[in-house]
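Index from 1, following the sequence. No experiment lies behind these values; they were computed from the predicted model shown.
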Amino acid sequence: MATPKDLIAVDVHAEDVGDYNITEPGWYAVDDGGKVVLGPFVSLAECDRAIRDRLQYIIPKGPD
């Protein structure tokens, strides 16, 4: 699997849809290269949960 990248939540408005190569506004998880990875989501909280879940899947938590 590829090395995980940092993901941030971005609120993309209708006028910015073309900048991210997406078809609708909403909350998206965007990687450090500006590529949309997850979304759209209705709220920031929903997007944050998806980012957290994605990173837990990519970087499994080791034994304590």
Side-chain angles (χ1 to χ4, degrees):
M1 189 176 286
T3 304
K5 298 181 179 184
D6 289 332
L7 297 177
I8 59 168
V10 176
D11 185 13
V12 180
H13 297 273
E15 60 271 7
D16 299 323
V17 165
D19 295 344
Y20 290 94
N21 197 26
I22 53 175
T23 58
E24 62 183 283
W27 285 94
Y28 289 86
V30 178
D31 69 14
D32 54 2
K35 179 181 174 192
V36 172
V37 178
L38 301 169
F41 300 101
V42 176
S43 68
L44 172 58
E46 185 180 6
C47 188
D48 281 342
R49 280 191 301 273
I51 289 171
R52 186 178 59 244
D53 292 346
R54 170 80 175 224
L55 293 177
Q56 285 177 351
Y57 174 75
I58 292 173
I59 310 169
K61 187 175 182 180
D64 291 334

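Contact record, P25 with H13: CB-C, 3.9 Å, taken as the closest heavy-atom pair.
The line from CD of E46 to CG of L38 is 11.0 Å long, rounded to the nearest 0.5 Å.
Members clustered with Y20: I8, V10, V12, V17, I22, Y28, V30, V36, by chain and number, using a 4.5 Å side-chain heavy-atom cutoff among hydrophobic residues.
The local environment of CG in D19 is crowded, with over 12 non-hydrogen atoms from other residues, nucleotides or ligands closer than 6.0 Å.
Take A9 and apply the side chain to side chain contact (heavy atoms under 4.5 Å, CB included) test, not counting sequence neighbours, and it matches W27, L44, C47, D48, I51. In this structure D53 satisfies the side chain to side chain contact (heavy atoms under 4.5 Å, CB included) test together with Q56, sequence neighbours excluded.
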